[in-house]
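Computation of the quantities below employed the complete heavy-atom set of this structure, encompassing side-chain atoms and omitting hydrogens, waters and symmetry-equivalent molecules.
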Amino acid sequence: MNYLGHLYLSGNDTELMQANLYGDFIKGSNLSELDSAIERGIRLHRSIDHFIDHHQVIHELLPVLRVDLPKVAGIAIDIYFDHLLAKNWLTFHPQPLDEYLTVIYSSLNTSDKRYNSAYLLFLERLVQHRWINHYPTLDAIDRMSKNVSSQLSFPNQLMNGKSVFLIHEKVISDAFFDYMWSANEHFLTEKLRILS
């Protein structure tokens with residue numbers, strides 16, 4: 001999952017959401033020097049990544065996408081699943097997506113010095129440009145795919161992410177819903193374990 005998936009699976013705890021998104025900006029397994037609330041968010045982030053990486057439907061979907069997206073099929077799935085979560089938001093959350101995101105943007109603390117400067121700059125841009133509001137559109141898949149493709153250090157086909165999505169939309173959507181139902185169930189208990 002990408003940003004929206006990590007926010008959603010954090011529940012309604014905005015501090016946990018901010019700490020969860022920090023997971024992409026922290027490497028290594030020694031988190032003991034971090035604030036305990038941030039450590040819990042990073043552990044949740046990694047648990048979400050582990051869950052999707054080892055889910056059966058993902059293992060079945062990856063070979064389908066690797067034909068057109070060798071080496072980057074897993075990255076494409078993160079982009080596709082965030083798009084599908086945004087597009088089908090009201091299936092999973094009672095609050096309209098734009099309203100939900102307005103609350104999130106207003107609660108993110110872009111000056112919290114417990115976080116590193118790269119992450120705080122990312123949060124500023126996330127809030128300023130409201131990237132996630134565009135996720136329900138196919139143009140968002142296109143922009144995200146091209147942006148990530150350009151940042152990778154090896155030649156890749158991710159810039160074709162939108163066209164590959166359209167070719168395999170039914171298979172990707174079926175995998176997404178299977179994943180989401182099981183993720184919802186799993187993280188009801190997993191969050192309690194991590195936060196305890």
Side-chain angles (χ1 to χ4, degrees), residues 1-28 31 34-49 52 72 74-153 156 158-163 165 176 180 183 187 191:
M1 303 294 288
N2 208 350
Y3 306 137
L4 183 57
H6 281 278
L7 291 171
Y8 170 77
L9 290 171
S10 297
N12 296 316
D13 184 333
T14 53
E15 183 180 34
L16 181 62
M17 290 176 183
Q18 178 154 334
N20 184 335
L21 292 183
Y22 195 40
D24 282 333
F25 292 78
I26 291 290
K27 306 299 181 188
L31 306 176
L34 295 173
D35 180 276
S36 59
I38 295 175
E39 179 183 353
R40 288 192 294 270
I42 292 169
R43 293 197 185 284
L44 178 58
H45 182 105
R46 292 178 179 180
S47 179
I48 292 167
D49 285 351
I52 193 169
V72 293
I75 299 172
I77 289 174
D78 285 343
I79 293 171
Y80 297 157
F81 277 23
D82 253 25
H83 162 72
L84 289 167
L85 177 56
K87 183 179 176 182
N88 298 282
W89 181 255
L90 291 177
T91 302
F92 300 99
H93 199 282
Q95 188 177 24
L97 182 59
D98 283 350
E99 292 179 14
Y100 171 85
L101 290 173
T102 296
V103 173
I104 302 305
Y105 294 143
S106 66
S107 69
L108 292 174
N109 185 349
T110 60
S111 59
D112 188 334
K113 298 307 180 186
R114 295 177 299 169
Y115 297 100
N116 66 38
S117 58
Y119 180 57
L120 294 177
L121 179 60
F122 158 77
L123 289 182
E124 286 180 12
R125 290 175 174 170
L126 179 68
V127 172
Q128 179 183 0
H129 299 292
R130 286 170 155 54
W131 292 329
I132 302 175
N133 292 73
H134 304 286
Y135 278 15
T137 69
L138 288 172
D139 281 345
I141 292 180
D142 194 43
R143 283 199 305 272
M144 285 189 287
S145 297
K146 290 176 178 174
N147 182 49
V148 175
S149 175
S150 69
Q151 294 177 31
L152 295 175
S153 60
N156 64 86
L158 191 57
M159 74 286 292
N160 299 321
K162 177 183 171 183
S163 60
F165 175 80
F176 163 76
M180 282 302 298
F187 284 102
K191 275 185 296 194

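In this structure, CE on Met144 lies 10.0 Å from OH on Tyr80, to the nearest 0.5 angstrom. To the nearest 0.5 Å, the span separating CG on Asn156 from OG on Ser150 amounts to 9.0 Å. Separating the CG atom in Asn160 from the OG atom in Ser145 is a distance of 9.0 Å, to the nearest 0.5 Å. Distance check: Leu121 CG to Leu126 CG gives 11.0 Å after rounding to the nearest 0.5 Å. Considering CG of Leu108 and CG of Leu123, their distance stands at 5.5 Å, rounded to 0.5 Å. For the atom pair CD of Gln95 and CG of Asp98, the computed distance is 10.0 Å after rounding to the nearest 0.5 Å.
Side-chain contact between Leu101 and Tyr135: absent, with no pair of heavy atoms (C-beta onward) separated by less than 4.5 Å. Residues Trp89 and Pro136 fail the side-chain proximity criterion, which asks for heavy atoms closer than 4.5 Å. Between His134 and Asp139, the closest side-chain pair of non-hydrogen atoms is not below 4.5 Å. Counting only heavy atoms from C-beta outward, the side chains of Met17 and Leu21 never approach each other to under 4.5 Å. The shortest distance between side-chain heavy atoms of Leu97 and Leu4 falls below 4.5 Å. Between Asn12 and His93, the closest side-chain pair of non-hydrogen atoms falls below 4.5 Å. In this structure, the side chains of Met180 and Asn88 stay at 4.5 Å or more apart for every pair of heavy atoms. For the pair Tyr100 and Leu7, the minimum side-chain heavy-atom distance is below 4.5 Å.
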Exercise. After noting the C-alpha distance and the side-chain angles of Gln18 and Thr14, does the key distance pass the side-chain contact (heavy atoms from CB on, under 4.5 Å) rule?
Worked result: CA-CA 6 Å; Gln18 178 154 334; Thr14 53; over 6 Å; no
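Checked against side-chain hydrogen bond (donor to acceptor under 3.5 Å, both in side chains), Asn20 has the following partners two or more places apart in sequence or in another chain: His6, Ser10, His45. With sequence neighbours excluded, no residue forms a salt bridge (Lys or Arg N to Asp or Glu O under 4.0 Å) with Glu124.
By the 6.0 Å contact criterion, CZ on Arg114 is enclosed, its count of non-hydrogen atoms from other residues, nucleotides or ligands being greater than 12.
Considering all non-hydrogen atoms of both residues, Ile26 and Arg46 come closest at O-NH2, 3.1 Å. The two residues Tyr8 and Leu85 come nearest to each other via the heavy atoms CB-CD2, 4.1 Å. Shortest non-hydrogen contact noted between Glu15 and Asp13 is N-OD1, 3.1 Å. Looking at every heavy atom in both residues, Ala19 comes nearest to Ala37 through CB-O, 3.7 Å. When every heavy atom of Leu158 is checked against every heavy atom of Ile75, the shortest pair comes out as CD2-CG2, 3.7 Å.
Note: His83 and Phe165 have perpendicular aromatic rings, judged against thresholds of 30 and 60 degrees for the angle between ring planes. The aromatic rings of Tyr3 and Trp131 sit parallel, their planes meeting at an angle under 30°, below the 60° perpendicular limit. Tyr115 and Tyr119 have tilted rings, their planes meeting at an angle from 30° to 60° on a 0 to 90° scale. Using cut-offs of 30° and 60° for the angle between ring planes, the Phe81 and Phe176 rings count as perpendicular.
A donor-acceptor contact shorter than 3.5 Å is absent between the side chain of Asp78 and the backbone of Asn2.
Side-chain atoms of Asp112 and Tyr22 include no donor-acceptor pair closer than 3.5 Å. With no hydrogens or angles considered, no side-chain donor-acceptor pair links Ser149 and Asn147 at under 3.5 Å.
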